[in-house]
Amino acid sequence: MQAALRHQAESASLAAKLAARIAAIGPLSVEAYMEACLLDARAGAYTSRQPIGEQGDFVTAPEISQIFGELLGLWVVAVWQSMGEPRSVIVAELGPGRGTLLADALRAWRVLPNFIDSVSVALVETSSVMAEAQRKALHDAPVPLRWYARLDELPAGPLILLANEFIDALPVRQLVRRGTSWRERLIADDGKGSFVFAEGSVVPEDSVQAALGGVAPEGAILETRPAATRLLHELANRAARAPLAALIIDYGHAETGFGDTLQAVRGHRCADPLASPGDADLSAQVDFADLRGSAEALGLRAYGPIPQGEFLLKLGLGQRRERLLEKATPDQKAAIASGAMRLVDPAQMGVLFKVLALTSPEPPPPPPFAPDRFTLSS
Ligand code: SAH
């Protein structure tokens with residue numbers, strides 16, 4: 001209760017801070033607003049509290065079923081094998097949340113001593129509150145763990161990277177089509193205590209935005225994600241020097257489209273993204289077509305996106321579910337079955353969530369994109 005009250009006060013102070021910033025320098029870009037709401041040092045949704053789980057704002061796949069992290073753990077091992085089992089490999093997770101995915105992956109690795117001896121885990125996390133939760137979840141990990149604030153701080157060498165519901169939390173810019181140009185969508189102060197959307201000046205466009213401008217109706221909104229582009233550059237740089245495979249899982253669309261997908265979730269309910277900054281989780285859909293196209297243009301190999309349901313079923317979700325059910329009590333059985341269903345059901349997370357794999361040129365396609373080359377086993 002006290003924590004909730006304190007957070008409400010912090011949210012009010014973030015609103016005041018943003019209003020003061022707008023008074024001083026003018027309206028903020030959607031990108032700057034989203035960044036402040038999520039990561040403001042005192043009052044950001046990730047920096048001031050832990051928003052994931054039944055008690056928080058939203059639940060993610062690893063929190064729904066242990067099968068998710070276990071299968072991703074086995075995917076990592078299959079990729080390591082396809083790289084020729086390097087004696088030293090870094091498994092990195094971007095934005096590891098409560099550390100649940102890694103804890104489940106580590107359980108899958110315990111029966112693979114060769115892999116355990118070769119791996120060190122890198123947790124790329126910007127929030128010290130989240131890093132603390134990860135430390136607790138992984139206190140008995142049998143492999144070295146290191147925390148980094150940014151991906152470019154990781155040591156060189158073979159890298160296998162996981163990013164679940166990370167890209168959706170990277171800030172988006174929104175561009176609005178007006179006439180033959182794109183204008184920056186902004187967030188202004190209405191002078192009565194509320195934030196409102198506004199439009200700024202014409203922005204320079206890249207070739208993709210210029211091409212999309214040709215088909216965009218008047219008033220269309222295009223979202224771009226500069227931080228995701230920077231991430232792809234970093235992956236491409238590393239892939240030019242050492243084997244690399246990255247698995248990106250998130251909610252989003254397979255084709256680039258127009259529209260405002262900025263969404264706020266507070267206490268598992270949709271909220272107004274402009275009300276109570278810092279007091280709700282903000283995210284926006286991932287544009288998988290853009291990620292894939294940009295990655296390929298930088299020399300990475302891309303596989304997918306495919307629906308999360310298809311990905312997990314091909315990796316063996318059904319078999320793992322049966323194994324767990326055999327050992328479970330009646331109460332556990334219901335939770336195991338409904339958790340597994342939620343991940344793959346097209347009406348739940350099975351289709352909205354998608355999986356894209358990016359690799360350096362050398363390793364063969366990762367599972368399940370080359371299904372007959374690998375069998376995942378536990
Ligand atoms: N992958 C987790 C959590 C997703 S929530 C899961 O599936 O449960 C997003 C996570 O990314 C949080 O841990 C948040 O603190 C972290 N994060 C958000 N922006 C970040 C950034 N720019 N750099 C590093 N971590 C970030």
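Worth knowing before you read on, the calculation uses all heavy atoms, side chains too, and leaves out hydrogens, waters and symmetry mates. Ligands are counted one by one from 1 in listed order, and the atoms in each one are counted from 1 as well.
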Side chain, backbone, both or neither: the part of R150 lying under 4.0 Å from ligand 1 by heavy atom: neither
Within 45° cone and under 6.0 Å: R135 NZ/CZ vs W147 ring: yes
R177 NZ/CZ over F258 ring centroid, <6.0 Å and within 45° of normal: no
Shortest protein heavy-atom distance from atom 2 (C) of ligand 1, along with the residue and atom involved: G95 O, 3.3 Å
Nearest non-hydrogen protein atom, atom 16 (C) of ligand 1: E125 OE2, 3.5 Å
I52 contact mode with ligand 1 (heavy-atom cut-off under 4.0 Å): side chain
Among L231, L151, L170, closest by any non-hydrogen atom to atom 22 (N) of ligand 1: L170
Close-contact set for ligand 1 against T60 heavy atoms, below 4.0 Å: 6 (C), 7 (O), 8 (O)
Distance-only N or O hit between ligand 1 and A149, under 3.5 Å: no
Atom pair NZ (K354) and NE2 (H253), whose distance is rounded to the nearest 0.5 Å: 9.0 Å
Sub-4.0 Å atoms of ligand 1 with respect to non-hydrogen atoms of E93: 1 (N)
N/O donor-acceptor pair under 3.5 Å between T229 side chain and R225 backbone: yes
Within reach of ligand 1, part of N164 (heavy-atom separation under 4.0 Å): both
Derivation and outcome, side chain to side chain contact (heavy atoms under 4.5 Å, CB included), residues I67 and L312: CA-CA 9 Å; I67 300 177; L312 294 175; over 6 Å; no
Exceeds 12 heavy-atom contacts within 6.0 angstrom, atom CZ of R87: yes
Candidates L71, L247, V344 - the one meeting side chain to side chain contact (heavy atoms under 4.5 Å, CB included) with F311: L247
Test applied, side chain to side chain donor-acceptor pair (under 3.5 Å); reference residue, D287; option that passes from T256, T261, T224: T256
Polar proximity ligand 1 side, G97 side, N/O cut 3.5 Å exclusive: yes
CD (E255) with more than 12 external heavy atoms under 6.0 Å: no
Heavy-atom nearest neighbour of atom 5 (S) of ligand 1 within options F68, Y148, Y46: Y46
Mode of P62 contact toward ligand 1 - side chain, backbone, both, neither (heavy atoms, under 4.0 Å): side chain
Heavy-atom nearest neighbour of atom 19 (N) of ligand 1 within options I167, L38, L39, V59: L39
Residue E165 vicinity, atoms of ligand 1 by number, heavy atom under 4.0 Å: 4 (C), 5 (S), 9 (C)
Protein heavy atom at shortest distance from atom 24 (C) of ligand 1: T126 N, 3.5 Å
F353 and Y251 aromatic ring geometry - parallel, tilted or perpendicular at 30°/60° bounds: tilted
